[in-house]
Amino acid sequence: MTVKNTTVIDVKHVFKTYFMDGGNSQQVLKDINFQVKSGEFVAIMGPSGSGKSTLMNILGCLDKPTSGTYILDGQDISAKTDMELAKVRGQTIGFVFQNFNLMMKRTIADNVSLPLIYQNIEEKERYKRAVKMLERVNLQGYQDRLPSQISGGMQQRVAIARALINNPAIIFADEPTGNLDSKTSDEIMDLFTDLNKQGITIVLVTHEDDVADFATRMIKISDGHKVYDGLRKEYSKEKETKC
Amino acid sequence: MLKAILKEAWISIAAYKLRTFLTMLGIMIGVAAVVMMVSAGQAVQTKITQTFASMGSNLIIIGPAEIVSGGVRGGRGLPSVTVADTEALKNLKDVDATSYIMPAAVQAVYGSSNYGVSVRGTNPEFLEINNWEIEEGVMFTDKDVKAAKPYAVIGQTVVDELFGLQNPIGKTLRLKGKPFMVIGTLKEKGDGLMGDDQDNVILMPWTTVRQRLEGSERPQFTNIAFVKASTEEKMESVAKRVEYMLRTRHRLKEGVKNDFTIRLMTEMVEKVRSVGFILSALLAAIASISLVVGSIGIMNMMLVSVTERTREIGTRKALGAPNNWIMTQFLAESILISFIGSFIGMIFGVIFSQIGGMALGYEVPISIWSVIVSVTVAVVVGIVSGLMPALKAMRLNPIDALRYQ
Ligand SMILES: Nc1ncnc2c1ncn2[C@@H]1O[C@H](COP(=O)(O)OP(=O)(O)OP(=O)(O)O)[C@@H](O)[C@H]1O
Ligand SMILES: [Mg+2]
């Protein structure tokens with residue numbers, strides 16, 4: 001893997017507060033700062049409810065910070081309209097979810113090529129690219145089947161192929177192995193490692209140490225604060241501080 | 001892009017065949033009902049127009065007085081206008097011709113066939129006044145009327161029923177056991193407004209009816225008298241003169257009500273037309289209730305669909321779907337459903353109204369209106385019932401949508 005010196009993610013003083021019905025509010029992210037360089041493989045860890053998904057949603061341009069700035073690939077995301085955010089999601093980012101989120105009634109090729117529809121790409125071309133992308137995740141020949149006919153690990157690979165189809169600079173994955181057994185989970189992580197070697201920046205959230213071990217860098221969140229940011233292999237509980 | 005949206009919409013609704021079909025059924029029934037009602041209304045209008053057109057123009061029709069008791073109309077009084085009255089009216093200014101009907105309902109017999117027929121005693125002008133024509137043979141003359149000749153001019157139904165394929169001219173048929181010679185046949189008129197058979201008729205001199213069928217003790221009253229004005233514009237003034245003359249002849253004092261009624265054909269046409277129009281508008285309005293129900297069905301299904309597909313919507317948005325794409329797709333789904341439903345409904349509506357028209361002997365026009373109504377309905381219903389669900393889908397926050405279980 002080659003880490004270049006270009007910054008793709010720049011998070012500065014990001015706060016996120018959820019305002020609930022009835023006037024209650026909850027501050028979930030508290031002054032988060034970090035940068036990710038092109039080609040990095042980052043694992044975000046932390047206890048349940050610490051704000052990992054909240055952070056991922058902001059990084060993935062699905063949500064905006066309450067305050068602070070987020071610059072993705074040189075663009076200030078905090079200032080963009082919904083329409084522009086949709087464009088960024090479709091062109092710069094690939095998303096992988098814990099529960100795959102495939103359309104069960106549509107073929108695997110339809111699922112993989114879904115993001116291309118929103119880039120106004122012709123149906124034939126979409127299919128061609130889906131077939132190619134399935135080869136990349138070792139699912140050649142599965143294009144015309146339905147997701148229900150394949151295993152969970154394969155479904156997640158379909159989802160990864162879908163995330164890759166727009167040639168994104170970054171892939172965000174929120175607990176991509178959360179629904180898989182450890183063997184399948186290793187296969188998926190091997191795939192991410194391969195993709196990372198090909199130069200794609202990967203940021204994933206995980207609970208599991210084994211999964212985090214595939215990453216080089218680790219960011220730990222606790223109660224909305226960043227408490228560790230460094231090499232994964234150098235991490236130890238004692239090194240945690242609010243940073 | 002529109003093509004891709006339509007395709008996505010189509011695949012989505014095709015994925016739930018039964019549900020989509022049942023939803024379409026509501027719109028199908030609604031549109032079919034509206035098309036059928038509009039067709040029925042048009043068929044009746046056409047019929048009315050044709051019938052009146054064939055009845056002769058500039059006619060003033062004089063009938064018995066209406067009986068009014070306690071403010072309630074109680075049917076018709078006794079005939080009061082005599083043949084002599086009618087003959088006198090002929091001399092009024094701007095009157096072209098007059099005629100009258102002295103009816104008798106009897107059985108007509110020829111050989112072994114017999115048939116219930118409407119016999120009308122009248123004068124030769126009857127044909128001109130009512131726009132009737134002779135098919136074969138001749139009409140009786142004023143001379144025949146004076147001499148009360150036992151002549152009959154018969155309608156096509158009578159020809160068919162009594163004579164079949166034989167030529168009836170010169171043959172003798174019997175009414176109440178008395179012989180009458182067929183001297184002419186009438187051109188076919190078709191059914192009247194009420195579905196009555198206008199060809200089941202025998203015309204003969206009124207004097208003949210009086211002497212041979214009714215017995216001469218019956219006074220010379222007519223059931224209905226016709227006055228033909230020279231032009232449509234003169235009808236009003238002629239009607240006034242007719243009223244004046246009849247009141248004078250009947251010696252009605254001032255303040256005494258007319259013992260007859262006068263109607264202008266033009267007024268009757270208008271009245272019947274407007275009743276027909278109101279009736280068909282009413283039918284269409286009732287039928288469109290089923291359209292409203294159908295569109296509520298679509299809205300309901302689309303709302304369920306948006307809720308069910310919350311995760312799908314979230315995923316699509318996370319993968320780059322702009323909000324307006326999502327909205328357009330859901331709108332396209334409801335429009336497709338209502339469009340296809342309307343189209344099928346229109347076809348069934350046209351087919352059923354043609355079948356119905358054939359069964360009832362009405363000529364039902366296949367109108368451009370059916371198409372316009374259905375297409376308009378399709379688009380309007382699709383948009384109206386799809387808008388709320390589509391907006392709901394559009395406004396879904398992708399994060400909430402992805403968290404939705
Ligand atoms: N949309 C929301 N509205 C209100 N509160 C929310 C919302 N999303 C998350 N929260 C709250 O914010 C906190 C952090 O949630 P988040 O999902 O980011 O945690 P997490 O670290 O991803 O946890 P897990 O490991 O269980 O996935 C939780 O207390 C959660 O209840
Ligand atoms: Mg989470």
Side-chain angles (χ1 to χ4, degrees), chain A residues 16 18 28 53-64 81-107 110-126 146 159 162-166 168 172-174, chain B residues 1-21 301-302 304-333 336 390-405:
Chain A
K16 180 70 190 181
Y18 286 117
V28 179
S53 294
T54 303
L55 178 59
M56 272 310 249
N57 290 336
I58 291 171
L59 295 179
C61 303
L62 291 168
D63 204 356
K64 288 191 210 172
T81 64
D82 283 356
M83 190 78 177
E84 291 165 335
L85 285 184
K87 204 167 171 188
V88 173
R89 289 198 294 266
Q91 293 176 351
T92 320
I93 296 172
F95 238 104
V96 178
F97 310 92
Q98 175 172 355
N99 41 24
F100 323 142
N101 282 339
L102 299 179
M103 298 182 290
M104 300 311 275
K105 295 201 168 219
R106 306 290 291 271
T107 63
D110 278 354
N111 271 286
V112 171
S113 63
L114 183 66
L116 295 179
I117 287 191
Y118 307 117
Q119 308 305 320
N120 297 328
I121 289 165
E122 276 291 301
E123 192 177 355
K124 267 193 199 139
E125 176 68 15
R126 292 205 300 266
L146 293 175
R162 181 177 66 187
L164 289 170
I165 197 131
N166 273 335
F172 292 109
D174 193 348
Chain B
M1 182 168 111
L2 204 62
K3 194 179 145 209
I5 292 179
L6 277 176
K7 178 125 200 224
E8 283 295 293
W10 171 251
I11 293 172
S12 296
I13 60 173
Y16 300 93
K17 288 193 179 60
L18 182 63
R19 189 163 89 179
T20 302
F21 172 73
M301 176 200 152
M302 291 308 297
V304 168
S305 177
V306 169
T307 306
E308 268 183 7
R309 288 155 67 194
T310 298
R311 288 189 72 82
E312 179 196 322
I313 294 164
T315 308
R316 284 175 182 269
K317 288 189 176 184
L319 298 177
N323 282 341
N324 56 10
W325 221 100
I326 297 287
M327 188 190 79
T328 315
Q329 178 182 334
F330 278 87
L331 212 48
E333 288 181 22
L336 271 178
L391 286 176
K392 191 180 164 200
M394 182 184 99
R395 292 196 186 118
L396 274 181
N397 181 340
I399 302 168
D400 295 336
L402 285 168
R403 277 154 59 101
Y404 182 87
Q405 289 305 326

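A note on names: the letters A, B, ... follow the listed sequences, proteins ahead of strands, and every chain is numbered from 1. Keep in mind it's a predicted model, so treat the numbers as computed, not measured.
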Does some side-chain heavy atom of A:M103 sit less than 4.5 Å from a side-chain heavy atom of B:R309? no
In terms of heavy-atom contacts, A:I117 and B:W325 come closest through CG2-CZ2, 3.1 Å
Closest non-hydrogen atoms of B:A321 and A:A86, given as atom of the first, atom of the second and distance, are O-CB, 3.9 Å
Distance, nearest 0.5 Å, that separates NZ of A:K105 from CD of B:E312: 11.0 Å
Do the non-hydrogen side-chain atoms of B:E8 and A:R106 ever get within less than 4.5 Å of each other? yes
State whether the number of non-hydrogen atoms from other residues, nucleotides or ligands found under 6.0 Å of A:E125 atom CD is greater than 12. yes
Using non-hydrogen atoms only, which part of A:L114 is less than 4.5 Å away from chain B: side chain, backbone, both, or neither? side chain
Taking all heavy atoms of A:Y118 and all of B:P322, pick out the closest pair and write down the distance. CD2-CD, 4.1 Å
Spatial distance of atom CG (A:N57) from atom CZ (B:R403) [nearest 0.5 Å]: 8.5 Å
If you round to the nearest 0.5 Å, how far is CZ of A:F100 from OG1 of B:T315? 12.5 Å
Chain B contact via A:N101 - which portion, at a heavy-atom distance below 4.5 Å: both
Test log, rule side chain to side chain contact (heavy atoms under 4.5 Å, CB included), inputs B:N324 and A:M83: CA-CA 9 Å; B:N324 56 10; A:M83 190 78 177; 3.8 Å; yes
Give, for atom CE of B:M394 and atom CG of A:D82, the distance between the pair rounded to the nearest 0.5 Å. 9.0 Å
B:I5 portion near chain A, given a 4.5 angstrom heavy-atom threshold: neither
So for atom NZ, which belongs to A:K64, do other residues, nucleotides or ligands contribute more than 12 heavy atoms lying within a distance under 6.0 Å? yes
Criterion side chain to side chain contact (heavy atoms under 4.5 Å, CB included) on B:L402 and A:L62, from CA distance to verdict: CA-CA 10 Å; B:L402 285 168; A:L62 291 168; 4.0 Å; yes
A:R89 (side chain) donor-acceptor with B:K317 (main chain) under 3.5 angstrom: yes
Verify the neighbour count for atom CD of A:E123: are there more than 12 heavy atoms of other residues, nucleotides or ligands below 6.0 Å? no
Using non-hydrogen atoms only, which part of A:D63 is less than 4.5 Å away from chain B: side chain, backbone, both, or neither? both
Between A:N99 and B:R311, is a side chain to side chain contact (heavy atoms under 4.5 Å, CB included) present by the stated rule, with each step listed? CA-CA 11 Å; A:N99 41 24; B:R311 288 189 72 82; 2.7 Å; yes
